[in-house]
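In what follows, a structure is listed as structure tokens, so that the remarks can point back to it.
Residues: numbered from 1 along the sequence shown.
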Amino acid sequence: MADVDLAVKSAREAFDNGPWPRMSGYERGRILYKFADLIDQHVEELGMLDTVDAGKLFLVGKVWDIPGAAHLLRYYAGAADKIPGETLKMAQRMHGYTLMEPVGVVGHIVPWNYPTTMFFFKVSPALAAGCTVVVKPAEQTPLAALFYAHLAREAGVPDGVLNVVPGFGPTAGAAVASHMDVDKLSFTGSTEVGRLVMKAAAESNLKPVSLELGGKSPVVIFDDADLDMAVKLVNFATYTNKGEICVAGSRVYVQEGIYDAFVKKAAELAKKSVVGDPFNPRVNQGPQVDKDQYKKVLKYIDIGMREGATLVTGGKPCGDKGFYIEPTIFTDVKDDMSIAQDEIFGPVMALMKFKTVEEVIQKANNTRYGLAAGIVTKNIDITNTVSRSIRAGAIWINCYLAFDPDAPFGGYKMSGFGKDMGMDGLEKYLQTKTVVTPLYNTPWL
């Protein structure tokens, strides 16, 4: 694709001959701080762009997503001058040390559910490391990414360092993934597309890949939990961003002692949710991102009923216009049902009962995914046992969606590999060079 070629050529020139990788980390950091300040100055506009593109709640974007992006950018701006190498204690009469160098031109393919958050998950550490980047935003949500490119230039990011190429996955995305002049690839999206991205990377120049893919995250509620708190937490875990979130805690296991009471309270809370215009501050849930996603969610609700699960509440479209779906709860869900195994990416909760700690660990791990998990209990021994036994990249105890710039995030199993955020997120855009020189007439080795 010509646009991708142009963007990669621009990024290549900026990396090979431009000032960005050759600046001190301190200088890069100063520019990134200015970039973050400009984001703060445009919170309203950026929040509106994400709401118009993705149906996200404007208030949440304004209070959480956009300020969070600026926070993450500042975190990595502060790390830009803290990328040390090591002095090696070699066995021979040699002086050895390592350099951490930027990996080069990075291709970022980002999803539509969190257009701003995902943009900065990828771009912030790559820029701090001294890389140049080509970002392919999701075709559904290109607007904020284009505005961020404008703000970056205004902040003083040199020409060619940050390139944004809107387009469709099979064309623009595929071109980025297979490009011979892209040195590293980072992708967030579905497991199916993640396979295609890895294949394209392998068949081109064997560029390293990091993947953050699907999830079907369990939330485990034990008998000793504060019932009201647990119900609110699970409601938040399942329905945040209308369920269009890779870590949605939609596979909920409740211990038998509180199961019936939990189901009753969860249904009552779900029924109180206000679904509607995402610009209305009183609304709890906006529309699904587009017609395809809307139809996919309704299809899974139909499959759930046909496979024998009990629909407790929801399950229908809201209104006669737009892509709105009622918050939905199923009970009598079996572990092998589609609604318990597949990532639905919509406001659908699957409730299941368990008896023992050993049983629920097995159930929680009965998935091809391993992105996140939640545990609700007051028992520290149960917390320790279960958190170490569930195979997932993030375990949230008595909380959920507990993201922080310092906390690495990424999955196990078919949820992908490679971390975003934290120093792990910076290191994946660096490569290690070993430098060795002979030592002569030195008394010390």
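Ring centroid separation for the pair Y400 and F236 does not come in under the 6.0 Å cut-off. Aromatic ring centres of H71 and F120: separated by at least 6.0 Å.
Annotation: cation-pi geometry satisfied between K56 and Y114 (NZ/CZ under 6.0 angstrom from ring centroid, within 45° of ring axis).
Only one option out of K242, K296, E244, K295 pairs with Q288 in a side-chain hydrogen bond (donor to acceptor under 3.5 Å, both in side chains); it is E244.
Judged purely by atom type and a 3.5 angstrom limit, E359 uses its side chain to pair as donor or acceptor with the backbone of K355.
K428 has a carboxylate O that lies under 4.0 Å from a charged side-chain N of D420, or vice versa, which qualifies the two as a salt bridge. Under the 4.0 Å criterion applied to side-chain N and carboxylate O atoms, R306 and D302 are assigned as salt-bridge partners. Here E101 pairs with K433 in a salt bridge; the nearest charged N to carboxylate O distance falls below 4.0 Å. R368 has a carboxylate O that lies under 4.0 Å from a charged side-chain N of D342, or vice versa, which qualifies the two as a salt bridge. A salt bridge between E343 and K216 is absent, with no side-chain N of the basic residue lying under 4.0 Å from a carboxylate O of the acidic one. Ion pairing between a basic and an acidic side chain is recognised when a charged N comes within 4.0 Å of a carboxylate O; E268 and K264 show such pairing.
Of the N and O atoms on the side chains of Y75 and D406, at least one donor lies less than 3.5 Å from an acceptor on the other residue.
Relative orientation of the F354 and F222 rings is perpendicular, given thresholds of 30° and 60° on the angle between their planes.
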